[in-house]
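Taking it in order: structure first as structure tokens, then the write-up.
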Amino acid sequence: MELIGRLREAFDERRLEAFLELLDPEVRWVGIPEPGEEIPECRNREEVREVLEAYLSEGKEAQPEILGETGDAIVVDMRLDPPQRGFELHHVYRVAGGRIVRMEDYPDRASALGAAGLSE
């Protein structure tokens, strides 16, 4: 099964381990900085695991939906649960060699789609 199919399956079944298996061991995750702070970044799969496990341990969830894909990018609307007023989160996953090698956060759908070369 190709990466996008495995990603959909991991999202649909809410399986963190299945998602983490799709990440390159040296994946980079670049977040959205808070005003006056440095850009948050994870530098490998284990750091991504720590962030996601901490998020889930707080009783929070996400209902990810794949919005589009190009040859090397997948755009995902994270749909946070509970929603955070005035805050959206969208990811662009960069793909190489059949794995997600970079995750980029965007504050709105249009900028995420634009970063991947797609439009609404």
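When reading the values below, keep in mind they use all heavy atoms of this one structure, side chains included, and skip hydrogens, waters and symmetry mates. What you are looking at is a predicted structure, and each value in this text was computed from that prediction instead of being measured.
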Of all the heavy-atom pairs spanning Ala62 and Arg14, show the shortest one and how long it is. O-NE, 3.6 Å

Which heavy atom of Gly31 sits nearest a heavy atom of Ile39, and at what distance?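 Heavy atoms of Gly31 and Ile39 come nearest at O-CG2, 3.5 Å.
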
Check against side chain to side chain contact (heavy atoms under 4.5 Å, CB included), Glu69 and Val75: CA-CA 6 Å; Glu69 63 179 294; Val75 181; over 6 Å; no

Shared hydrophobic cluster, [X] / [Y] (ILVMFWY, side-chain heavy atoms < 4.5 Å):
{"X": "Leu22", "Y": "Met78", "value": "yes"}
{"X": "Phe87", "Y": "Leu56", "value": "yes"}
{"X": "Trp29", "Y": "Phe11", "value": "yes"}
{"X": "Leu7", "Y": "Val101", "value": "no"}
{"X": "Ile4", "Y": "Leu118", "value": "no"}

Using the side chain to side chain contact (heavy atoms under 4.5 Å, CB included) criterion, which residues pair with Glu38? Sequence neighbours excluded.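 By the side chain to side chain contact (heavy atoms under 4.5 Å, CB included) rule, Glu38 matches no residue at all.
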
Are [X] and [Y] close enough that some pair of their side-chain heavy atoms sits under 4.5 Å apart?
{"X": "Cys42", "Y": "Asn44", "result": "no"}
{"X": "Val27", "Y": "Met103", "result": "yes"}
{"X": "Tyr106", "Y": "Leu113", "result": "no"}
{"X": "Asp77", "Y": "Pro64", "result": "no"}

Interatomic distance, [X] atom [atom1] to [Y] atom [atom2] [nearest 0.5 angstrom]:
{"X": "Glu46", "Y": "Glu26", "atom1": "CD", "atom2": "CD", "value": "10.5 Å"}
{"X": "Ile74", "Y": "Leu3", "atom1": "CD1", "atom2": "CG", "value": "4.5 Å"}
{"X": "Glu2", "Y": "Arg8", "atom1": "CD", "atom2": "CZ", "value": "8.5 Å"}
{"X": "Ile66", "Y": "Asp12", "atom1": "CD1", "atom2": "CG", "value": "8.0 Å"}

Before you tell me yes or no, could you show the steps for Leu16 and Leu52 under side chain to side chain contact (heavy atoms under 4.5 Å, CB included), namely the whole-Å CA-CA distance, both residues' side-chain angles and the distance that decides it to 0.1 Å? CA-CA 8 Å; Leu16 178 59; Leu52 296 178; 3.7 Å; yes

I'd like to know if the side chain of [X] and the backbone of [Y] have a donor-acceptor N/O pair within less than 3.5 Å.
{"X": "Arg28", "Y": "Arg102", "result": "no"}
{"X": "Glu47", "Y": "Arg43", "result": "yes"}
{"X": "Arg45", "Y": "Leu20", "result": "yes"}

Could you pull out every donor-acceptor pair under 3.5 Å between side chains of residues 89-99 and any protein atom, sequence neighbours left out?
residue, atom, partner, partner atom, Å
His90, NE2, Glu88, OE1, 2.8
His90, NE2, Arg109, N, 3.2
His91, ND1, Tyr93, OH, 3.1
His91, NE2, Asp105, OD1, 3.1
Arg94, NE, Glu104, OE1, 3.4
Arg94, NH2, Glu104, OE1, 3.3
Arg94, NH2, Ala115, O, 2.9
Arg99, NH1, Glu21, O, 2.5
Arg99, NH1, Leu23, O, 3.3

Is a salt bridge present between Arg49 and Glu17, judged by a nitrogen-to-oxygen distance below 4.0 Å?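 Looking at Arg49 and Glu17, the cut-off is met.
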
Summary of ring pair (Phe, Tyr, Trp, His ring centres under 6.0 Å) pairs that have at least one residue in residues 53-73, sequence neighbours excluded: none

